[in-house]
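As structure tokens, the structure follows; a few thoughts come after it.
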Amino acid sequence: MSVSWCCLDNDIILKLATCSLFDETINSLNINYSHINILETFQHKFRKEKKRSKDKISTNNYNLKEALKFASKCTTISDVDIDVDIYTNLKSYKISSNDKLKIDRGEALLISYISQQNKQGHSIQLLTGDKNCLRALANPELTEITQHLKQKIWCLEQLILLNIEKHGFDLVRDKITSVEKFDTALGIIFSEVNAQREETVKEGLISYINTLQEETGNLLYLYPYPNP
């Protein structure tokens, strides 16, 4: 596994930091902090949240202290780094019949940056925890933008599965189950009963990944690898 460069959205930073799998994940992808881009606004936004909530957002149980520590090591991108036309198209896009299927400002910034860079011949991948954004991106109206994202997006469940492969089931399970539930899907997959069996957990992760692949076309990175 080797990734040349990647962007992380806010959600994936918070979740990987909360379950203490941030370092393991970048190790699994064979990258270091110099290869990671995040939104410039991350630290400002969540420092304010940390101050208000005294280290914890009660509704999500995120570990903001750890997330901010990891974020401080990453390169940042902002409005000046993106293709404004792509950003405008993404930000204005919305499926009227489903308010959840929309692309928020942060995701639009990251996607416009990645699409622009990959169009120029780079190979940047996105690590995201926002499944609704991915479902919105699958709309044919956005093909001109998403053609540069083909098989370059990782969801949270893929990263957890990759960490199990690289670092072992026991380590990953113990880290996830040692903190309060911070993600609905992982809470189900790593429930008290399921978490005792590695194969059951892997089956649960793969099921979520397969469903998302069906919903999002060719956006997800091909992992787990298809059978030859």
Side-chain angles (χ1 to χ4, degrees), residues 1-51 55-57 60-83 104-118 120-130 133-134 148-149 151-168 171-172 174-176 178-179 182-183 186 219-221 223:
M1 176 61 55
S2 182
V3 175
S4 57
W5 201 276
C6 66
C7 291
L8 277 62
D9 72 0
N10 291 354
D11 191 67
I12 210 78
I13 297 170
L14 292 167
K15 290 179 178 179
L16 290 176
T18 298
C19 63
S20 301
L21 283 172
F22 203 103
D23 282 332
E24 284 81 0
T25 298
I26 65 175
N27 178 270
S28 295
L29 294 170
N30 287 333
I31 58 175
N32 57 52
Y33 284 97
S34 67
H35 298 129
I36 300 174
N37 279 330
I38 66 171
L39 292 172
E40 183 181 53
T41 55
F42 182 91
Q43 293 203 56
H44 176 68
K45 176 180 179 180
F46 289 102
R47 276 200 184 102
K48 290 200 302 185
E49 292 286 359
K50 182 175 180 289
K51 185 176 181 180
D55 293 346
K56 184 177 178 182
I57 300 178
N60 291 307
N61 301 315
Y62 292 143
N63 187 333
L64 296 186
K65 182 178 180 181
E66 285 298 298
L68 288 166
K69 182 180 77 174
F70 291 126
S72 68
K73 304 177 184 179
C74 302
T75 305
T76 60
I77 61 174
S78 66
D79 302 39
V80 300
D81 302 307
I82 67 166
D83 184 304
D104 65 27
R105 181 178 184 277
E107 296 289 349
L109 281 169
L110 290 174
I111 292 164
S112 54
Y113 175 77
I114 295 170
S115 182
Q116 174 195 30
Q117 293 294 313
N118 288 349
Q120 295 173 358
H122 299 286
S123 182
I124 300 178
Q125 300 187 11
L126 172 66
L127 279 54
T128 179
D130 191 339
C133 172
L134 297 185
H148 304 294
L149 301 171
Q151 296 176 5
K152 292 188 180 300
I153 299 179
W154 290 77
C155 67
L156 177 62
E157 288 76 18
Q158 287 178 302
L159 296 173
I160 298 301
L161 187 64
L162 179 65
N163 278 318
I164 290 174
E165 177 187 316
K166 298 294 184 178
H167 302 289
L171 179 144
V172 175
D174 292 349
K175 283 178 176 288
I176 290 176
S178 68
V179 294
F182 55 92
D183 179 83
L186 292 188
L219 291 176
L220 286 187
Y221 189 86
Y223 181 82

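Any value given below was found using the heavy atoms of this structure, including those in side chains, with hydrogens, waters and symmetry copies removed. Along the sequence shown, residues carry numbers from 1. If you're wondering where the values come from, they're calculated on a predicted model, not measured in any experiment.
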Original post:
Are any non-hydrogen side-chain atoms of E165 and Y223 less than 4.5 angstrom apart?
Top reply: yes

**OP:** Quick one: pull up CG in L68 and CZ in F46 and give me the separation to the nearest 0.5 Å.
**Re:** 8.5 Å

Original post:
Do the charged groups of D79 and R105 touch, with an N to O distance under 4.0 Å?
Top reply: yes

Original post:
Relative to each other, are the rings of H35 and W5 parallel, tilted or perpendicular (30° and 60° limits)?
Top reply: perpendicular

Subject >> K69: salt bridge (Lys or Arg N to Asp or Glu O under 4.0 Å) partners, not counting sequence neighbours >> reply: E66

Sequence neighbours excluded and cut-off under 3.5 Å, please list the side-chain donor-acceptor pairs for residues 110-117, or say none.
unit_1	atom_1	unit_2	atom_2	d
S112	OG	A108	O	2.7
S112	OG	L109	O	2.9
Y113	OH	N37	ND2	3.4
S115	OG	I145	O	3.2

Original post:
Are side-chain heavy atoms of I36 and L8 found at a separation under 4.5 Å?
Top reply: yes

Subject >> N118 (side chain) donor-acceptor with H148 (main chain) under 3.5 angstrom >> reply: yes

Original post:
Do D11 and L156 have side-chain heavy atoms sitting under 4.5 Å apart?
Top reply: no

**OP:** Flag the pair I12 / D130 as yes when at least one side-chain heavy-atom distance between them is below 4.5 Å, and no otherwise.
**Re:** no

Subject >> Contact summary for E40 and S78, nearest pair of heavy atoms >> reply: OE1-CB, 3.1 Å

**OP:** Identify the two heavy atoms, one from Y221 and one from Q158, that lie closest to each other, and give their separation to 0.1 Å.
**Re:** O-NE2, 2.9 Å

Subject >> Between CD on residue E24 and CG on residue L159, distance to nearest 0.5 Å >> reply: 12.5 Å

Original post:
If you round to the nearest 0.5 Å, how far is CG of L16 from CG of N63?
Top reply: 12.5 Å

**OP:** Would you name the heavy atoms of A17 and F22 that are closest together and state the gap between them?
**Re:** N-CD1, 4.3 Å

Original post:
Say you draw a straight line from CD1 of I13 to OG1 of T128; how long is it, rounded to the nearest 0.5 Å?
Top reply: 10.5 Å

Original post:
Should L171 and L21 count as side-chain neighbours, where that means a heavy-atom distance under 4.5 Å?
Top reply: yes

Original post:
Roughly how far apart are Q125 CD and C6 SG, rounded to 0.5 Å?
Top reply: 7.5 Å

Subject >> Atom pair CD1/OG of I160 and S28 - distance to nearest 0.5 Å >> reply: 9.5 Å

Original post:
If we only count heavy atoms from C-beta on, is the I176 to D183 side-chain gap below 4.5 Å?
Top reply: no

**OP:** Please name all residues satisfying side chain to side chain donor-acceptor pair (under 3.5 Å) with S178, sequence neighbours left out, ordered by chain then number.
**Re:** none

Subject >> N27 and D23, any side-chain heavy atoms less than 4.5 Å apart >> reply: no

Original post:
Under 4.5 Å between any side-chain heavy atoms of L39 and N10, yes or no?
Top reply: yes

